[in-house]
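In what follows, every chain begins at residue 1, and chains take the letters A, B, ... in the order their sequences are listed.
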Number of protein chains: 4
Amino acid sequence: MEKDTSISEAFRAVMAANGNIPPKQQQVLAASLELFAQQGFDNTTTKQIAEKAGVAEGTVYRRYKNKDELLAGVLAPFMTQVLPNLIKEFAQQVVARPYLTRHEMISAIVENRLAFIKENGAMLRVLIREISVRNDLRSQFITHAGPLLQDNLFPVLDRLKANGELVDWPDSRIAQFMIGTMITELVRAVLLPEDVSTAAPVIIEFIEKGLAPK
Amino acid sequence: MEKDTSISEAFRAVMAANGNIPPKQQQVLAASLELFAQQGFDNTTTKQIAEKAGVAEGTVYRRYKNKDELLAGVLAPFMTQVLPNLIKEFAQQVVARPYLTRHEMISAIVENRLAFIKENGAMLRVLIREISVRNDLRSQFITHAGPLLQDNLFPVLDRLKANGELVDWPDSRIAQFMIGTMITELVRAVLLPEDVSTAAPVIIEFIEKGLAPK
Amino acid sequence: MEKDTSISEAFRAVMAANGNIPPKQQQVLAASLELFAQQGFDNTTTKQIAEKAGVAEGTVYRRYKNKDELLAGVLAPFMTQVLPNLIKEFAQQVVARPYLTRHEMISAIVENRLAFIKENGAMLRVLIREISVRNDLRSQFITHAGPLLQDNLFPVLDRLKANGELVDWPDSRIAQFMIGTMITELVRAVLLPEDVSTAAPVIIEFIEKGLAPK
Amino acid sequence: MEKDTSISEAFRAVMAANGNIPPKQQQVLAASLELFAQQGFDNTTTKQIAEKAGVAEGTVYRRYKNKDELLAGVLAPFMTQVLPNLIKEFAQQVVARPYLTRHEMISAIVENRLAFIKENGAMLRVLIREISVRNDLRSQFITHAGPLLQDNLFPVLDRLKANGELVDWPDSRIAQFMIGTMITELVRAVLLPEDVSTAAPVIIEFIEKGLAPK
DNA sequence: GATGAATGAGCCTTCATTCAT
DNA sequence: GATGAATGAAGGCTCATTCAT
C-alpha cells in the first residue's frame, strides 16, 4: 500500500485517464508538483521545472500559458477528479447501509482516506499553501468541495444524528473535526518525518469518541 | 482582550518590551507581518513594506540585513517570547492543582488559547506557511516548541493519565489532537470568513470526549 | 483592374509567372505580405504566418531558410519584376511620341501608376518601412530602382526639358517630387482611411503646374 | 544652423523645459531615440538602450513602466510640445499680414520648417515608422495634429484662397502636398545620404507653382 | 514534402539590495 | 539615521528555428 510519495498514484491515474496529455507534459506536471511541494510555488523557477522534467524551458509553456496556469494544471485534476471520486467512493461504501454505526462510518472514512492523504501529501501541501494566499484558488476550492460534502457526507451525518449515533452539531463543524484531525497527520509528517507509527486506529478512536452524543 | 486582527496585542507587547527597537523599525515589522499574512512572504516586495510602514526602502535594511532576516525578525519574537510565555502561563494555571480533571485542563487550554490563536492568526498563518518550506524555520520551531511542550504540557498529561482521567496515548499524539483541533479554527476562518459562531464550547467538548479513557 | 487590397494582382501575376513556386509557398508569401503590412515585420510571428497560410510552421521554412529570407521573398519579386515592368511599360507609352507635352507625360505616369500604388499599398508600406531600417534592403532598392529611373524616366525628362516643357531641375529632384507626391496618397490612405475621393486629377494638376518652367 | 543630427535641439529643449526629468532619464530618452531611429523600435533591446545611456537596465524602468511607455516618452514631447509650438510659431509669422502672398506663406513654412524637419529627422522617422503599425499612436497623432492644422494653417489657406492667391482645393489636400513635399526631403536624405544641396528654394518654387490658381 | 512538438537563446521586466547624499 | 535613485542578477516568457516522424 506504500506508494511513491512524490507523485501519487491518483495523480498518475488522472494523467493516464487524460490520455491526451503527451508524456513530456506529464513530466512537466510531475516535476512541477514535486518542486512546488518541496520548495513552494514562488521559489520554484521554470528552469528548475524544465531540468527536473528533462525538457527545455520552452516546452513547459506549450500547454500552460504561464506559471500560474501550470499551478492550476497541477491542482485542477485533484479538485475536479480525485477529490470527487474519493468522496463519492466513500458515499457508495456507506449509503447503502441503513443501520450504519458511528464507528463504521468513521472507520470507512479514516481507514483508506488516511492512506490517501499521506499518498497525496505533496499535492495537498501545495493546495493548502496556495489556497491561503490565492483568492481564485480558494473560491474554486470552496465551489468544488462544498457541494461535494453537502451532497455526499452531510446526508450520512444527518442520518446518524437521527439515529442517535452522532452528537447534534452542525454538519460543517463535524466535518471540520473529522477532516481537521486527519490533516494533523500531514502536519505531523512534516514536523516528525521519522515517525512511521500507524495512526489510523488512534485517529478513529479519537474522532469516534469526540463525536459521540453526550 | 482587545482584538486587532492585523497586529496582535502580544506582538505589540513584545516589541514594546524590546525597548531598543526604534519606532520606524517597529512599523516595518508590523507592515511586514500584515503583508506577509495577506499575500505571503514571496509575493510581498520590500517596496510594499516600506510604503505601508511609511519609511523609505533603504530604512527597511537598517536593522534587517535582508528580507529573510526580516521574516525572522517577524517570527522570532513569537517563537522566543510569545509562545513560551503562553505555555508557561498555562502551566501555572494548572500545575498547582493535584486533582485536575480532564475537563479543567482542556478548558484551561482552549478557552483563552483559542482567543489567542484568532488574535495571532496572521502571525500563525505566516509561521505555518513558511515552516512548510523553510528547513531552518522548521528546525528552529521544533527546537523551541518541542521542549516547551515536553516541560510544561507533557507532565500534566502524564499526571492525568496516571489519575485515569486521560486516554493512554503517547503525549505527542494527545498534543497533536489538541493543538490540531484548535488550529482547524484558523482554517475555518480562512475558508468561511463570515462565520463568527463561538466555537470554544464545542471544541472543548470534542477534545474532552475524544481524549477520555476507553 | 480588379482590386484586392490584401494581395495585389501584380503580386499574384509574379507568383504565377514563377511557375516553380508551389501553391503552399505562395500561400505563405501572401500571408506574410498581408501580416507584415498590417502589423509590421517584427510584430509578425512565423506561427501567425503559418496559421493564415493554412500550413504548418515547418513548411514556412521549406523554401525560406529564415524569416529574413521570407521578407526578401515577399519584396524581391516586387523589386525585380513588378517595378521594372511598370517603368518599362510607362516608357513604351511615352518614348515613341516625339512631341510629348508635360501634361501627357504626367498623366501617363499618374493615371495608372496611382491605381498601382493603391493596389500595391500593402507591399509598398512594407518596403518603405523596412527600407528605413535595413541597409541591405536599402542598397538593393537603390541598385534596382536607380538605373531603372535613369534609363527609362530620365531620358524622357531630358527631352521635355529640351523642349521647354519642363523646369530645368536635376532629374533626381523632379523624380523626387513626382513620386513623392504620389506617395502622399498612400500616407493619406493610412491617416484618413475613410476618404475615397479620386485624387488623380488634382495630383496631376499639382505636379504639372509645379514642374512647369518658370 | 547645422545641429547634432542624432539628438535634436528641439528634443533637448523639451527635456530642459521639463526640468523635472533627472539627467539619467534624459540619457535614457536620448539613447532610445537614437537607437529607435537607427534600428527601429522592435530591433532595439533595453540592454542596448541602457548601455548607450550609460545606466543599468533597471534604470530604464524607473520612469517608464515598459518599453512601450518608453516609446511614448520619446514621442510624446514631440507631439504635445514641439509640433504645437512649431505650428503656432508659423501662425504668428503669417497671421498678422492681411495681404500675404502665396510665395510669402510658402516661404515662411518651408524655409525654417525644412531645417526643422532635417534636424528632427530621427524623431520623425521613428514617429512615421511606428504610426504605420500602432493604432494608438496613429489616433493620438490625428487627435493632436488635426486640430492644430485646422486652427492655425487652414484659416490662412482660406484667406489666400479668398484673395485668389491659392488654388481652390480642400485645405486637407493642400496641406497634404505642402507637408508631403517637404517630407520627401527626409526620404531623399535616407536614400541619398551624401547629397547636401540646399533644397529649400526648389521646394518653395515647386509648391508655389503647384498651388497657384489655374 | 509536410508536420508540429521541441528547443533554447535572448528578450523584457522585477525586485532585493546598495550607497551617495 | 533616513532617503530613494540606481543597480544588476535572475526570472518568466516568446518565438525563430530544427528535426524526428
Would you find a donor on one side and an acceptor on the other, under 3.5 Å apart, between the side chain of C:T80 and the backbone of C:A76? yes
Taking the six-membered ring of A:F41 (Phe, Tyr or Trp), confirm whether the NZ or CZ of A:R134 is under 6.0 Å from its centre and within 45° of its axis. yes
First of A:G58 and D:G54 reached from the 5' end of DNA chain F, by closest nucleotide: D:G54
Write down the distance between CZ (D:R63) and P (F:dT7), rounded to a whole number of angstrom. 15 Å
Roughly how many Å is it from NZ in A:K65 to P in F:dT14, rounded to a whole number? 9 Å
Figure out the OH/P separation between A:Y61 and E:dA5, and round it to whole Å. 18 Å
Spell out, as yes or no, whether a donor-acceptor pair under 3.5 Å connects the side chain of C:K52 to the backbone of C:Q27. no
Separation of atom CG in C:N66 from atom P in F:dA16, rounded to whole Å: 11 Å
Would the distance check show the side chain of B:K65 and the main-chain N or O of B:L70 forming a donor-acceptor pair, the cut-off being under 3.5 Å? no
Whole angstroms only, please: what is the CD-P distance between A:E57 and E:dG10? 14 Å
Quick check on DNA chain E: between C:A56 and B:T45, whose nearest nucleotide comes earlier from the 5' end? C:A56
Counting the atoms with a prime plus P, OP1 and OP2 as sugar-phosphate, which does D:V55 contact under 4.0 Å by heavy atoms, base, sugar-phosphate, or nothing? sugar-phosphate
How long is the line joining OH of C:Y64 and P of F:dA16, in whole Å? 17 Å
So what's F:dT21 paired with, Watson-Crick or G-U wobble, going by both distances under 3.5 Å? E:dA2
Just the rounded figure in Å: distance from P of F:dT17 to CG of C:L70. 10 Å
Counting only N and O atoms by type, is there a donor-acceptor contact under 3.5 Å from the side chain of C:N66 to the main-chain atoms of C:E69? yes
I need the NZ-C1' distance between D:K47 and E:dT13, as an integer number of Å. 14 Å
Can you check whether C:K24 has a side-chain N or O nearer than 4.0 Å to OP1 or OP2 of E:dT3? yes
Need one value for C:T46: base, sugar-phosphate or nothing, where a base atom within 4.0 Å counts as base even if backbone is also close, heavy atoms only. base
Checking contacts here: which listed nucleotide (E:dA6, F:dT7, F:dT3) is nearest the side-chain heavy atoms of A:T59? E:dA6
When you match A:D42 and C:R62 each to their closest nucleotide on DNA chain F, which lands nearer the 5' end? A:D42
Does a nitrogen or oxygen in the side chain of B:K67 sit under 4.0 Å from OP1 or OP2 of E:dA16? yes
